[in-house]
Protein chains: 2
Amino acid sequence: MISSTVENYLKELFLLDPRSEKQIATGELAKVLCVTPGSATSMIKTLAQSGLVEHRPHYGVKLTEQGRNLAVHVVRRHRIVELFLVNILGMDWGEVHDEAEQLEHVVSDDVITRMDELLGHPTHDPHGDPIPTPEGEIPERSLQLLSFCNEGDNVAIARIGNQDAAFLKFAEDNGLLLGASIEIKHRNDIADSITIQSQGKEVVLGLAAAGRIEVEDV
Amino acid sequence: MISSTVENYLKELFLLDPRSEKQIATGELAKVLCVTPGSATSMIKTLAQSGLVEHRPHYGVKLTEQGRNLAVHVVRRHRIVELFLVNILGMDWGEVHDEAEQLEHVVSDDVITRMDELLGHPTHDPHGDPIPTPEGEIPERSLQLLSFCNEGDNVAIARIGNQDAAFLKFAEDNGLLLGASIEIKHRNDIADSITIQSQGKEVVLGLAAAGRIEVEDV
DNA sequence: TGGCTCCTTTTGGTTAGTCAAAAGTTTACT
DNA sequence: AGTAAACTTTTGACTAACCAAAAGGAGCCA
Ligand SMILES: [Mn+2]
Ligand SMILES: [Mn+2]
Ligand SMILES: [Mn+2]
Ligand SMILES: [Mn+2]
């Protein structure tokens with residue numbers, strides 16, 4: 001049986017590089033997993049032993065085909081659970097990440113299949129992240145960072161690339177929900193800010209924050 | 001944080017003696033948990049250290065007030081999850097036990113509260129077992145074992161005290177669902193069997209099997 | 001009072017996962 | 001080429017949980 005710990009390592013490697021092209025640094029992996037670099041090294045060696053990652057010591061680590069497949073399925077479980085918690089149980093989109101972080105390791109494929117059905121075979125989670133299919137395919141969309149939009153653009157919010165509960169609360173409070181139409185009012189590269197209008201309300205964001213929001217042309 | 005392992009030990013102690021009156025033998029606990037007696041002994045010592053059980057070496061172990069409280073909450077989570085899987089996700093009542101065995105350790109109180117609400121504050125799980133309240137109260141019913149019923153009795157099935165999937169499948173296939181009205185047709189203590197009629201269909205059960213079914217007078 | 005059987009506990013050892021700190025590599029800069 | 005900074009790996013140690021097998025207690029029966 002594959003442990004939750006291993007699933008978390010594989011999943012984070014996937015999230016750090018969904019195509020599994022780059023060599024991920026041990027330290028970077030350790031950071032997102034909140035473990036020491038030494039712990040990451042030793043787990044990486046174990047994973048390499050099992051053929052789940054390829055390790056080039058001192059250069060980095062990369063998922064193998066097999067490791068990536070496992071990771072994609074963990075991500076599928078995570079995202080379906082998140083959407084389920086929001087759509088069926090009425091939870092807040094800022095609360096569901098931590099919950100799904102645990103549930104992703106214990107819900108069976110049967111339960112996931114049933115949730116998927118009940119939700120109508122959704123393609124994206126509550127934060128706009130794609131839900132891999134049971135076969136491991138990942139629906140692609142061409143999105144643009146809000147921080148790259150220009151004055152006058154009319155776009156719809158498509159993804160929030162920040163799982164932080166406080167950020168999600170802020171976004172929600174300001175009407176920045178998935179699908180919301182917004183217009184870029186001002187953009188000031190010197191002041192590092194962007195002003196958008198959503199449902200009549202103006203919101204000013206720093207470009208760093210705007211860089212965590214992705215939008216679609218309307 | 002309290003581990004799944006500890007939760008399982010406490011829960012099984014509770015299930016072996018819901019009132020926590022008796023001294024449970026180490027070997028009995030070990031058996032239901034599928035561990036060796038030695039493993040159970042060492043965990044019991046740990047639990048005693050934490051004040052969750054009282055241990056009289058060579059005589060047995062018993063939950064403390066604190067340990068019983070924790071156990072009751074694990075049982076609450078288990079049973080709400082089971083009912084949720086059956087009523088909302090449409091799973092079979094024979095499949096949900098193993099699933100709930102894992103989920104009981106990771107679903108948050110918030111999720112349980114929401115499931116409870118969605119289910120309309122149910123009092124019993126899919127197998128007729130009582131669901132403890134958030135305060136730890138356990139609804140009592142006065143039930144009778146099917147094996148003690150007499151010819152001519154008209155009763156309703158109220159509980160199946162056997163989590164075995166094959167047994168539950170058999171029961172379901174023969175219309176022995178919770179709430180089903182049945183009449184006791186024959187009873188033969190010599191042959192160790194009882195014949196009941198449910199929805200026109202006659203079913204013969206050994207008295208041992210009938211002893212795992214509890215009924216309510218109608 | 002022994003002795004026997006059935007449990008329980010103890011002992012010694014394993015595995016997964018972790019950390020702190022020492023040791024080793026790579027790279028970039030002088 | 002030599003050195004220092006930044007990173008990675010190794011080492012040694014710890015905890016939770018488990019097992020197999022040896023040792024220890026309780027109750028029973030002669
Ligand atoms: Mn996780
Ligand atoms: Mn998400
Ligand atoms: Mn369990
Ligand atoms: Mn049940």
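Convention: sequence-line order gives letters A, B, ...; per-chain numbering from 1. Everything numeric in this text was worked out from a predicted model, so none of it was measured.
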>> Before you tell me yes or no, could you show the steps for A:D116 and A:R76 under salt bridge (Lys or Arg N to Asp or Glu O under 4.0 Å), namely the whole-Å CA-CA distance, both residues' side-chain angles and the distance that decides it to 0.1 Å?
In response: CA-CA 10 Å; A:D116 182 49; A:R76 172 173 162 82; 3.7 Å; yes
> A:L33 CG to D:dT8 C1': how many Å, rounded?
Replying inline: 16 Å
> What integer distance in Å separates A:I44:CD1 from C:dA16:P?
Replying inline: 17 Å
> Can you check whether A:Y9 has a side-chain N or O nearer than 4.0 Å to OP1 or OP2 of C:dA16?
Replying inline: no
> B:K31 has an atom NZ; how far is it from atom P of C:dC7, in whole Å?
Replying inline: 9 Å
>> Closest approach to the side chain of A:V6, judged atom by atom: which nucleotide of D:dT9, D:dC19, C:dG17 is it?
In response: C:dG17
>> What is the separation between atom CD on B:Q23 and atom P on C:dC7, rounded to the nearest whole Å?
In response: 17 Å
> Among A:I44, A:V6, A:L63, whose side-chain contact (heavy atoms from CB on, under 4.5 Å) with A:L52 holds?
Replying inline: A:V6
> Does any donor atom in the side chain of B:D109 or B:H73 lie under 3.5 Å from an acceptor atom in the other side chain?
Replying inline: no
> Quick one: are B:R77 and B:V74 in side-chain contact, heavy atoms under 4.5 Å?
Replying inline: yes
> Is B:E21 atom CD crowded by more than 12 heavy atoms from other residues, nucleotides or ligands, each under 6.0 Å away?
Replying inline: yes
> Within this structure, what is the CD-to-C1' distance between A:E28 and D:dT8, rounded to whole angstrom?
Replying inline: 14 Å
>> Would you say B:N8 and B:H105 are linked by a side-chain donor-acceptor pair, where the criterion is simply a distance under 3.5 Å?
In response: yes
Any N/O pairs under 3.5 Å between the protein and nucleotides 10-16 of chain D? List them or say none.
residue, atom, partner, partner atom, Å
D:dT10, OP2, A:K45, NZ, 2.9

> Taking atom P of C:dA16 as reference, at what distance in whole Å does atom CG of A:L52 sit?
Replying inline: 14 Å
>> Looking at C:dT9, I'd like to know if its phosphate oxygens (OP1 or OP2) sit under 4.0 Å from a side-chain N or O belonging to B:H55.
In response: yes
>> Side chain of A:H58, heavy atoms from C-beta onward: which of C:dG24, C:dT18, C:dT8 has the nearest atom to it?
In response: C:dG24
> Expressed in angstrom and rounded to an integer, what is the separation of B:L47 atom CG from D:dC18 atom P?
Replying inline: 11 Å
> Roughly how many Å is it from CE in A:M1 to P in D:dA17, rounded to a whole number?
Replying inline: 20 Å
>> Side-chain N or O of B:Y59 versus OP1/OP2 of D:dG27: is the shortest distance under 4.0 Å?
In response: yes
> With a 4.0 Å cut-off on heavy atoms, is A:A25 in touch with a base, just the backbone sugar-phosphate, or nothing at all?
Replying inline: sugar-phosphate
> What do the steps show when you test B:K11 against B:E104 for salt bridge (Lys or Arg N to Asp or Glu O under 4.0 Å), and what is the final call?
Replying inline: CA-CA 10 Å; B:K11 188 187 64 166; B:E104 66 188 0; 2.9 Å; yes
